[in-house]
Amino acid sequence: MTQDAKHAERADAAAADRAAWLTAELNRHLHAYHVLDAPTIPDAEYDRLFIELQELEAAHPDLALPDSPTQRVGAAPLGQFDAVTHVVPMLSLNNGFSDEDIDNFDRRVREGLDAGQVDYACEVKFDGLAINLRYENGVFVQAATRGDGYTGEDVSANIRTIKSIPLRLHGEALPDVLEVRGEVLMFKADFAAMNERQRAAGQKEFVNPRNAAAGALRQLDSRITAQRNLRFFAYGIGELTGAAMPDQHSALLDWYEQLGLPVAKQRAVVTGKDGLLDFYARIGKTRPAMPYEIDGVVYKVDSVADQRALGFVSRAPRFALAHKFPAEEALTTVQAIEVQVGRTGAITPVARLVPVFVGGVTVTNATLHNEDEVRRKDVRVGDTVIVRRAGDVIPEVLAVVLDKRPTPAPAAYVLPDTCPVCGSHVVREEGEAVARCSGGLTCAAQRKEAIRHFAGRRMMDIEGLGDRYIDSLVEANLVHGVADLYRLTLDDLLKMKSDADERDGATPETVRQGKVATKWADNLLEAIAISRKPPLERLLFGLGIRHVGESTAKTLADWLGRFELIRRAPAALLRVLPDIGGTVAESIADFFAEEKNQQAIDALLAAGVAPQGEHPPKAQLREKLDEVQLLAAIGIPKLTEPRAKQLLQAGLTLEQMALQKIFTVYGLPATVAGALEEWAASEPNRTMLMSLSALRAELLAQLPEAAADEGPMAGRTFVLTGTLPTLSRDAAGAMIEAAGGKVSGSVSKKTSYVVAGAEAGSKLAKAEALGVTILDEAALLALLGK
DNA sequence: ACTCCTCGAGTTCC
DNA sequence: CTCGAGGAGT
């Protein structure tokens, strides 16, 4: 090595040392300033060191450390945010409002743990945005929004600009992976200052700190985020590997502080219900003086082992509760009460209000839900009402201020008895809360809603087909039903758009820009063309069958596999599928039996709409096709399952039943036989029975042969009981079936395993009595090799 | 028969 | 987000 090279190497080594020292030093000051609130050096000195580091890194780009504070100034804009799947889902909390709610929470916790008194970790509930920070070996690698709890967006570049978030955790022996959960928010003072700047620059002001923080976090250009002064507080944990989980939640927060993470100071460990209420009262008093907005406090069972024991109900933990402050209320006046017509014809009264600022937004409309609700609250046009944002989102009319009712008093509100859109009668079924327009698809409002539903993101996902265009297409008589969408031409769309623009008083520019309109129409046609190949369940959901949402549509698609079969299935067959009972089954069968719907579906298929992912019926359908079950599922009066069994064992088949008129010979009591004869006297009933029998045979022929013999769990039977900590019943069942195992409802000698969660009942006791192996969720996952 | 839970439907504002 | 209704478990 030459002298020069040696010299250069020494210089590089010195530069590297200096960069490392500067990084550590600057991070120390950042932490002292932003987390501990105790500045250690003057700002000017900080800036000097910062610039030195910046210059050093500019000269030697390879020296930049992953936790260098120069990473925080923001990076060039992103095209979009990447999706991030949360390893541990980010769940929401149950809410409590009254002392009674808190009492119930504490009682349930004590009952669940079989304990006399429970210690709780209490903290404030920030009004911000939940974020997951991922650290690998102590280095910040990724930040993601909550999203729907299972999948969020990667906002790492924006989060990096938050100075109170350490890019490297403090201390030794750091976990391999640590996911810190917490809240990103904006201080009230920073919000006010920012709006001041926005105003001065003639730009849009934000309505509240939460929206401002959300806006800053969603910036594709993180250099803008860097100017917004966001803050972060840690309060929870996601994935953790390579380190032990602390025994208490309070200890976790202490650990976070040692790691250099910001944790809110207002926290305490209290005992029992009285401790919770004390904490709530104390925080309520200091709330106005806090630098940030909070909307309540959060209680968590302090012991982590107890938290695990309590587990989860659906999407919320049983061991935690958010105790919300009362929602802000405001007074305003009812200008009018109008009604809306929904997709199912539901007539919903809506109060048009004099705009009022409440709970951080301006409210102009509030739903009155239904006739009974209006009557109960006695809301009348001209009334002064108290409004609030229920659950912080949906405006609600709390009550009428009767003292302020004008004189003479306006008339009590009466729901119209004809549909305001189509004039059909409004009917209200016995025992139902909603009134409905009887016009069905002849009602323009329902047609529009049906099309809007069909085109929606979770159904056929036709991008660019918004409300405005649906209105225009229906009003221009171009589209009467969903099938018409597939017959639209470029000319149709262009004509419709120019009419619509004219009607809406569009500016001359838009009218002149024929090219823009053509592009829009091309895109829409393209989107419609793409939607010709929807997954089967999406098509089913999109049809808008009453009681068939995302989940039921999936059940139908999974079990029966082919659209043709689903269309023809009688209610009795649908009824044997999981989560489908009499009402839902009838609703589906009635929909497909309706002449108009038949035509609409045929038109869709003729237009080239072809459901994707069709497959043979699910193998497990074989058991469901048991004749006894099917016969009982028809719901013939007095024909219970044992009686059905009796009939079939006596040698009667479904086909014979359709022809048979005398049932006394099968040894049934006279009343049952009589009811049967009466039922079988009806021609439609017999026809239904014939088609049920035929379809059953067809399905059996299509079933895959003995698929259950495959997979590691083949031949083993599982029973699920209680609530598992993270998996839903269905998810666990699906995993077992995917591995070739069978899930059954009741425990017997033949049961291989019982999977028990929290609050397991008699099944667990029976399993213990029979000596069946009992698994918890972790053991199940281990067994399945997950 | 009763209770708990999930799903569907409707709604507001940015 | 909330409500009601349907479904399933006890």
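Values reported hereafter were calculated over all heavy atoms of this structure, with side chains retained and with hydrogens, waters and symmetry mates removed.
Minimum atom distance to the side chain of A/Gln340 is reached by B/dT11, of the listed C/dA8, B/dT11, B/dC5. The listed nucleotides are B/dC14, B/dT11, B/dG8; the one nearest the side chain of A/Glu550 is B/dG8.
Using a 4.0 Å heavy-atom cutoff across all strands shown, A/Gly582 reaches sugar-phosphate atoms only and no base atom. As judged by a 4.0 angstrom heavy-atom cut-off over every strand, A/Val350 is placed among residues touching the sugar-phosphate backbone only. Among the protein residues, A/Val434 comes within range of no part of the nucleic acid, since none of its heavy atoms lies under 4.0 Å from any strand.
Taking 4.0 Å as the cut-off between side-chain N and carboxylate O, A/Lys324 and A/Asp127 do not count as a salt-bridged pair. Salt bridge present: A/Asp378 and A/Arg380 bring a charged side-chain N and a carboxylate O closer than 4.0 Å. Ionic pairing of A/Glu328 and A/Arg388 is not present here: no N-O contact between side-chain nitrogen and carboxylate oxygen is shorter than 4.0 angstrom. Under a 4.0 Å N-O distance rule, the pair A/Arg110/A/Asp106 qualifies as a salt bridge.
A/Glu449 has its CD atom 15 Å from the C1' atom of B/dG8, to the nearest Å. Atom-to-atom, CZ of A/Phe357 to C1' of B/dC13 comes out at 12 Å; the value is rounded to the nearest Å. Rounded to whole angstrom, the span from the CG atom of A/Asn370 across to the P atom of B/dG10 amounts to 13 Å. Atom CD1 in A/Ile347 sits roughly 10 Å away from atom P in B/dT11 (whole-Å rounding). Look at CZ on A/Arg575: it is 11 Å from C1' on C/dG6, rounded to the nearest Å. Rounded to an integer number of Å, the gap from NE2 of A/His453 to P of B/dA9 is 7 Å. The distance between atom CD of A/Glu111 and atom P of B/dT3, rounded to the nearest whole Å, is 15 Å. Atom-to-atom, CD1 of A/Ile580 to P of B/dC7 comes out at 12 Å; the value is rounded to the nearest Å.
Taking 4.0 angstrom as the limit, A/Thr344 places a side-chain polar atom (N or O) nearer than this to OP1 or OP2 of B/dG10. Applying the 4.0 Å criterion to OP1 and OP2 of B/dC13, one finds that A/Asn365 has a side-chain N or O inside that range. Contact between the side-chain N/O atoms of A/Thr552 and the OP1/OP2 oxygens of B/dG8 is found at a separation under 4.0 Å. Taking only side-chain nitrogens and oxygens, A/Arg343 comes nearer than 4.0 Å to OP1 or OP2 of B/dA9.
Across all strands shown, B/dT11 remains unpaired; no Watson-Crick or G-U wobble contact has both distances below 3.5 Å.
The aromatic rings of A/Tyr299 and A/His323 sit perpendicular, their planes meeting at an angle over 60°, well past the 30° parallel limit.
Position along DNA chain B of the nearest nucleotide to A/Thr364 versus A/Ser551 favours A/Ser551 as the more 5'-ward residue. When the nearest nucleotides of DNA chain B are assigned to A/Thr362 and A/Arg108 by heavy-atom distance, the more 5′-ward of the two goes with A/Arg108.
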